[in-house]
Protein chains: 2
Amino acid sequence: MTVDQRGGARRRPGRPPRSEAGDTKALLQNAALRLFARHGFAGTSIRAIAQEVGLSESVIYAHFANKQAVFEAVLAEFGPRTHDRGELGPGPAADDPAPYLLALARTALEEWDREEARLLMSLMARDGLLHSAALQEALSAMRHSVEALFERWIEAGRVRRDLGTPQSLALSFTGPIGLTRIMCLHAEATEDQRAAARADILDHVATFNRAVFGGATARS
Amino acid sequence: MTVDQRGGARRRPGRPPRSEAGDTKALLQNAALRLFARHGFAGTSIRAIAQEVGLSESVIYAHFANKQAVFEAVLAEFGPRTHDRGELGPGPAADDPAPYLLALARTALEEWDREEARLLMSLMARDGLLHSAALQEALSAMRHSVEALFERWIEAGRVRRDLGTPQSLALSFTGPIGLTRIMCLHAEATEDQRAAARADILDHVATFNRAVFGGATARS
DNA sequence: ATTATCTATAGATCTATAGATAATGC
DNA sequence: ATTATCTATAGATCTATAGATAATGC
């Protein structure tokens, strides 16, 4: 009788016919991601998640052990990947620093600007996940891989040795990118804000490249 | 009878004698800040706040209209200042860029490493305040004031004009500082993590200064 | 009389479970 | 028989209010 999101009357009791069946678990996880991103874990009720999909709240317990398990499933499905971070594949042009860094940034941007990634960012900016050990590790892994690049470039004479440690250079390069991502590439940002954020990041990379690699890349 | 935080038996009914009176409102706000920082708004109950101070939960309504009002009072008291941002006072040495930027960073660090500021950071990293209009504005104000500095320095020939726009330079300078603050200067960070964060920030500033102002500052 | 606390409680959630119901697939 | 849903409900919170109680300050 009651009209709901799924667009129709409330279901009757009993298993629904094949024609109406969907991937309920996936629908629930998706709804949960959106609601957790908007209202946080404590601010999202089991009831709200089920309602969003147009189902009775008890159906959640057929798919998840409890509310916490829903959150963990969302993180496992959409959460930060631990593997395949930062490397851009085996080696397009890692020995030409400036273009390589630009390509790295572009790749990251493409990944981070996806809706799913933005929802995840909003979720992390609630619930304190920004400070969770998991994210800190993912971030530090990413940072280490960039440090390794600078170390190599210093050895190869592509970066003035007196400029700073590989650690410091890596932070100077990734900092503005990471900050802009956290602050602007989230679920509530408008398309305009996101476009500005992407431009800011690319401008930073260009400025960084000019300051660190000087005219070397452009002229020699 | 029940022992509580304030260290004693539960109060009896009736106004407490002068000897036991404290600034209840301030105590409540302080407890609320800590709990909101740890568990978020929705994850913190009125009950938990009162309990933390060792009072009955109904006492909260003598001091605040409702739960939301507690949150707003906490933000008003501890929240991001809109005024007196970034300027370091009228003018210590704004025309010698490198030392000025270093002083700017040191001042910010001192402010941000205070316990209260760290609690606020944790609070913002829950409840989505990181993406609130209020913080975005505070941040953009800070950024603009740094942009103005770079603009002045470019005009004065202290920064190579072809390096990048004032906007881009400002982001390249403040990005690593802001990111490190958000990620490391929060309530749950250990003293070691915070020390590393402070060192990272100062290293970045040094690297930035060398890359952007080159030997000019050191030698001429 | 006013102020600052308490106790008790109403009413609204919220999580989770038990048990009914109807379609499916063997 | 199994699966995927529902209805109904228990029990635990949670917010907020009403009304009692005792110290304070005039």
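Chain letters run A, B, ... following the sequence lines, proteins first, then strands; residues in each count from 1. Bear in mind that the values here come from a model prediction, so they are computed numbers and not experimental data.
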Taking NZ, NE, NH1 and NH2 as the nitrogens, is one of them in [X] or [Y] under 4.0 Å from a carboxylate oxygen of the other?
X         : Y         : value
Arg198(A) : Glu110(A) : no
Arg118(A) : Glu111(A) : no
Asp200(B) : Arg143(A) : yes
Lys25(A)  : Glu77(A)  : no

For dA10(C), the nucleotide meeting Watson-Crick or G-U wobble distances (both under 3.5 Å) is dT15(D)

Which one is paired to dA1(D), where only Watson-Crick or G-U wobble pairs with both distances under 3.5 angstrom count? dT24(C)

In this structure, how many angstroms lie between the [atom2] atom of [N] and the [atom1] atom of [X], rounded?
X        : N       : atom1 : atom2 : value
Ile60(A) : dT17(C) : CD1   : P     : 13 Å
Ile46(A) : dT17(C) : CD1   : P     : 11 Å
Arg18(A) : dA22(C) : CZ    : P     : 19 Å
Lys67(A) : dT13(C) : NZ    : P     : 15 Å
His39(A) : dC14(C) : NE2   : P     : 12 Å
Gln68(B) : dC14(D) : CD    : P     : 17 Å
Tyr61(A) : dT15(C) : OH    : P     : 6 Å
Phe64(A) : dT15(C) : CZ    : P     : 14 Å

Does OP1 or OP2 of [N] have a side-chain N or O of [X] closer than 4.0 Å?
X        : N      : value
Ser56(B) : dT5(C) : no
Arg12(A) : dC6(D) : no
His63(B) : dT5(C) : yes

Given that Gly14(A) and Pro16(B) both sit by DNA chain D, which one's nearest nucleotide is further toward the 5' end? Gly14(A)

Donor-acceptor pair under 3.5 Å, Ser58(A) side chain vs dT7(D) base: yes

[X], nearest nucleotide to its side chain (from [options]):
X        : options                  : answer
Arg15(B) : dA4(D), dT3(C), dC14(D)  : dT3(C)
Pro13(A) : dA16(D), dT7(D), dA16(C) : dT7(D)
Pro17(A) : dT24(C), dC14(D), dC6(D) : dT24(C)
Arg11(A) : dT21(D), dC6(D), dT15(C) : dC6(D)
Ser45(A) : dC6(D), dC14(C), dA4(C)  : dC14(C)

Specify whether Phe150(B) and Phe208(B) have parallel, tilted or perpendicular ring planes, treating 30° as the upper limit for parallel and 60° as the lower limit for perpendicular. perpendicular

